[in-house]
Amino acid sequence: MSPRIAIIGAGFGGLCMAIQLERAGITSYTVFEKAGEVGGTWRDNSYPGAGCDIPSHLYSFSFEKYASWTRRYPGQPEILGYLAHCADKYGVRGKIRFHTEVSAAAFDGGHWHLTTRPLPSGTAECAQPDGPRDDRPVPGVGGVRIEEFDVVVAGVGQLNRPLMPDIPGMADFEGVSFHSARWNHDHDLSGRRVAVIGTGSSAAQFIPPVAGRAGHLDVFQRTPNWVIPKPDAAFGPLTRLALHFVPGLQRAYREWIYRYAEGTLYPALARGWSEGLLRKRALGHLRAQVTDPGLRAKLTPGYPPGCKRVVIDSKFYPALTRPNVDVVTDRIVRITAKGVETTRGLRAADTIIYGTGFKSTEFLAPIAFTGRGGQRLDERWKQGAEAYLGISVPDFPNLFLLYGPNTNLGHNSIIFMIECQVNHIMNCLPHLSDRGPMEVRPEAMAAWSRQLDVAMTRMVWGNGCRSWYKTAEGRVTNNWPGPTPLYRKLTALPPLPAYRFG
Ligand code: NAP
């Protein structure tokens with residue numbers, strides 16, 4: 001009998017898992033999705049200018065050749081369209097319980113018990129797949145159910161919960177404010193006095209369109225980023241036809257982009273031969289796009305390139321040189337009713353946009369996972385999250401993570417990593433039925449952690465900058481420190497030696 005599988009999240013990870021199960025003929029799964037549509041981070045981040053800085057043909061599933069990419073780098077609507085296409089083509093949409101939140105998951109008696117709750121806004125739009133067996137309503141609690149599964153696959157992502165900064169006075173602001181991942185599309189920015197806090201990859205993308213619309217824009221930069229150009233262009237009709245119809249061309253193009261990123265960017269992050277080249281390229285880009293020496297100085301980072309995620313964008317710097325834009329580097333003291341107060345006084349604003357990133361190190365939060373013997377995952381991960389291959393955690397049998405700890409990349413496509421993880425899980429599933437729940441051995445976990453620690457020492461992320469890659473204490477919990485072919489190799493190994501059963 002096929003195991004009953006709960007997949008949490010219908011973004012790239014959850015959809016990839018569901019699709020591979022369908023392709024393997026396993027249909028005993030349910031996908032839980034809080035929102036009313038697939039897409040994950042690409043559904044939530046709908047800010048103007050949103051897109052991906054990894055080329056379209058690599059930022060997609062290896063098994064799903066797509067004819068509709070219109071440009072080298074995909075915009076957010078295109079990525080969302082791609083994911084909807086995949087969900088429909090592979091027949092997984094009917095298995096998604098939209099507007100359903102998983103708030104807790106407890107391993108008990110050899111099974112996982114998920115606490116699920118329909119979210120009020122969307123019950124009418126819910127797809128209604130076959131319900132899992134053995135679900136027990138909880139009397140007296142509106143819509144809450146305890147549902148039983150054999151396996152849980154968590155595909156909730158690393159960048160799913162917006163981080164609002166802790167700046168005094170934020171509640172006093174009398175204008176309109178919102179986070180970049182919860183864009184207020186009803187608020188017209190034309191002629192407004194806008195303050196943007198943050199200058200990461202998200203802000204770099206939305207600042208150009210905001211600058212073009214606002215009356216005045218103050219960009220509050222705490223730390224400058226390394227920025228390299230994004231050689232974006234629309235595909236001509238001939239290129240699109242060729243990429244679709246010439247046998248092997250799309251695959252070869254994808255492979256070329258992958259190898260290029262791996263061969264040139266990864267060595268820079270490992271402080272190898274291309275670090276100097278990356279620095280040179282970024283400084284050349286800054287010189288070419290910003291002529292004012294004062295502004296250039298403000299925008300020049302004082303830490304090694306790659307320590308924070310490198311911004312890949314050709315429109316960001318030109319936006320900062322517009323006459324209606326100021327880059328403010330004075331420290332923010334507080335938010336007042338009328339704007340943002342810095343050490344040099346008040347900068348008036350009627351709109352504040354927080355481009356302040358995500359709660360990236362709180363993996364799986366706010367879902368309360370309880371494993372064997374009542375162990376809580378958030379307690380286990382107090383000093384920073386860790387998982388074998390970024391996928392499995394001792395004492396949490398039959399729980400598999402997608403895009404888990406130490407699987408993020410600063411140089412290549414995360415979809416590649418997700419496919420490796422799904423492959424590993426698919427290799428585990430056949431071992432489940434006869435031998436009981438499977439759980440990674442503590443010694444395999446310990447060896448994995450030791451290897452990560454050693455590999456981490458040569459990477460650029462450790463010192464010299466603050467970033468979403470690491471905890472407040474400085475432990476890098478998010479990034480994979482090796483080349484991605486190595487990760488593919490490790491996740492493709494037969495899983496059994498690292499796991500135990502029962
Ligand atoms: P982020 O990289 O974490 O940037 C957050 C920004 O907010 C930083 O500039 C940070 O300054 C600033 N900030 C945070 N708290 C602040 C405070 N209290 N006062 C002043 N400034 C504050 O977040 P993000 O831009 O949303 O990007 C997150 C990640 O999403 C990216 O690194 C990337 O991996 C992904 N992303 C990818 C794409 C793509 O094209 N593939 C596009 C967008 C996002 P400090 O630097 O000083 O901390």
Side-chain angles (χ1 to χ4, degrees), residues 11-12 40-42 44-56 58-60 72-76 78-79 157-170 179-183 195-208 218-228 230 232 261 265 269 298-299 301-303 306-316 327-335 340-343 347 352-361 403 407-415 417 461 464-470 472 478-480:
F12 260 110
T41 195
W42 294 107
D44 293 344
N45 285 274
S46 62
Y47 57 76
C52 189
D53 55 16
I54 303 289
S56 316
L58 185 59
Y59 199 77
S60 42
R72 272 192 216 160
Y73 292 87
Q76 175 259 351
E78 280 203 295
I79 302 171
Q158 295 188 7
L159 303 171
N160 58 332
R161 295 198 306 142
L163 173 69
M164 288 298 269
D166 187 16
I167 303 173
M170 283 168 58
H179 188 277
S180 59
R182 300 288 181 269
W183 198 266
V196 166
I197 299 180
T199 52
S201 300
S202 301
Q205 291 184 339
F206 70 72
I207 281 171
D218 281 333
V219 174
F220 290 86
Q221 175 193 266
R222 189 164 65 177
T223 316
N225 274 291
W226 290 96
V227 182
I228 58 173
K230 179 175 175 179
D232 192 17
L265 270 177
L269 304 185
K298 278 184 182 177
L299 297 173
Y303 56 88
C307 187
K308 297 160 104 59
R309 172 69 147 76
V310 172
V311 171
I312 306 174
D313 203 291
S314 299
K315 297 180 184 163
F316 177 51
V327 176
V328 183
T329 53
D330 308 315
R331 189 172 60 80
I332 297 172
V333 177
R334 65 177 66 84
I335 308 285
V340 181
E341 191 181 314
T342 74
T343 45
R347 311 272 318 191
I352 299 178
I353 305 173
Y354 293 99
T356 44
F358 299 87
K359 297 176 181 171
S360 54
T361 55
Y403 195 21
T407 63
N408 179 58
L409 301 175
H411 72 286
N412 212 323
S413 173
I414 197 62
I415 314 309
M417 301 295 275
W461 311 307
C465 77
R466 165 180 39 210
S467 84
W468 65 264
Y469 297 160
K470 51 195 177 187
N478 291 62
N479 283 11
W480 165 243

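Every number for a ligand or one of its atoms is a count from 1 in the order of the listing.
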Please classify the Phe358 to ligand 1 contact at 4.0 Å (heavy-atom distances, strictly less than): side chain, backbone, both or neither.
side chain
For atom 18 (N) of ligand 1, what's the nearest protein heavy-atom neighbour? Residue, atom name and distance, please.
Pro165 CB, 3.3 Å
Between ligand 1 and Arg222, is the shortest N or O to N or O distance under 3.5 Å?
yes
Would you mind telling me if ligand 1 is within reach of the side chain of Leu159, the backbone, both or neither, using heavy atoms under 4.0 Å?
side chain
Using non-hydrogen atoms of the residue, decide whether Ile197 is closer than 4.0 angstrom to ligand 1.
yes
Heteroatom proximity flag, Ser180 to ligand 1, N/O under 3.5 Å:
no
Considering only the protein, which heavy-atom contact is closest to atom 36 (N) of ligand 1, and what is its distance?
Ser201 CB, 4.0 Å
Evaluate the ring-ring contact (aromatic ring centres under 6.0 Å, His included) criterion for residues Phe358 and His179: first the C-alpha distance (whole Å), next the side-chain angles of each, then the deciding distance (0.1 Å), finally the verdict.
CA-CA 10 Å; Phe358 299 87; His179 188 277; 5.7 Å; yes
Give the C-alpha distance, both sets of side-chain angles, the deciding distance and a yes or no for side-chain contact (heavy atoms from CB on, under 4.5 Å) between Asp53 and Asp313.
CA-CA 8 Å; Asp53 55 16; Asp313 203 291; over 6 Å; no
Students should be able to answer this: which protein heavy-atom is nearest to atom 40 (O) of ligand 1, and at what distance?
Asp53 N, 2.8 Å
Identify the two heavy atoms, one from Cys52 and one from Ile79, that lie closest to each other, and give their separation to 0.1 Å.
CB-CD1, 3.7 Å
Contact between Gly51 and ligand 1, counting heavy atoms under 4.0 Å?
yes
Neighbour count above 12 (heavy atom, 6.0 Å) for Lys315 NZ
no
Using a strict cut-off of 4.0 Å, indicate which atoms of ligand 1 neighbour a heavy atom of Arg466.
47 (O), 48 (O)
for atom 23 (O) of ligand 1, nearest protein heavy atom and its distance come out as Gly357 CA, 3.1 Å
Polar contacts were defined as any N/O atom of the residue lying under 3.5 Å from an N/O atom of the ligand; does this apply to Trp42 and ligand 1?
no
Which protein heavy atom lies closest to atom 26 (O) of ligand 1, and at what distance to 0.1 Å?
Ser202 OG, 2.6 Å
Got an N/O contact under 3.5 Å between Trp468 and ligand 1?
yes
Closest heavy-atom approach to atom 4 (O) of ligand 1 among Gly49, Gly200, Pro74, Ser467 is made by Gly200
For atom 6 (C) of ligand 1, grab the closest protein heavy atom and report residue, atom and distance to one decimal in Å.
Gly355 O, 3.2 Å
Can you label the angle between the Trp183 ring and the Tyr47 ring as parallel, tilted or perpendicular, going by 30° and 60°?
tilted
Going by heavy-atom distance to atom 12 (C) of ligand 1, choose the closest among Pro162, Gly198, Cys52.
Gly198
Could you walk me through whether Tyr59 and Ile414 pass side-chain contact (heavy atoms from CB on, under 4.5 Å), step by step?
CA-CA 8 Å; Tyr59 199 77; Ile414 197 62; 4.1 Å; yes
In terms of atom number and element, which parts of ligand 1 are under 4.0 angstrom from non-hydrogen atoms of Lys308?
45 (P), 46 (O), 48 (O)
With a 4.0 Å cut-off on heavy atoms, is Tyr47 touching ligand 1?
yes
Proximal ligand 1 atoms for Thr223, defined as those under 4.0 Å from one of its heavy atoms
45 (P), 46 (O), 47 (O)
Minimum non-hydrogen distance to atom 9 (O) of ligand 1, winning option of Asn478, Thr199, Ile332:
Thr199
side-chain contact (heavy atoms from CB on, under 4.5 Å) between Leu269 and Asn479, worked out:
CA-CA 11 Å; Leu269 304 185; Asn479 283 11; over 6 Å; no
Select one of side chain, backbone, both or neither to describe which atoms of Gln205 lie under 4.0 Å from any atom of ligand 1, heavy atoms only.
side chain
Quick check on Phe220 - does any of its heavy atoms sit under 4.0 Å from an atom of ligand 1?
no
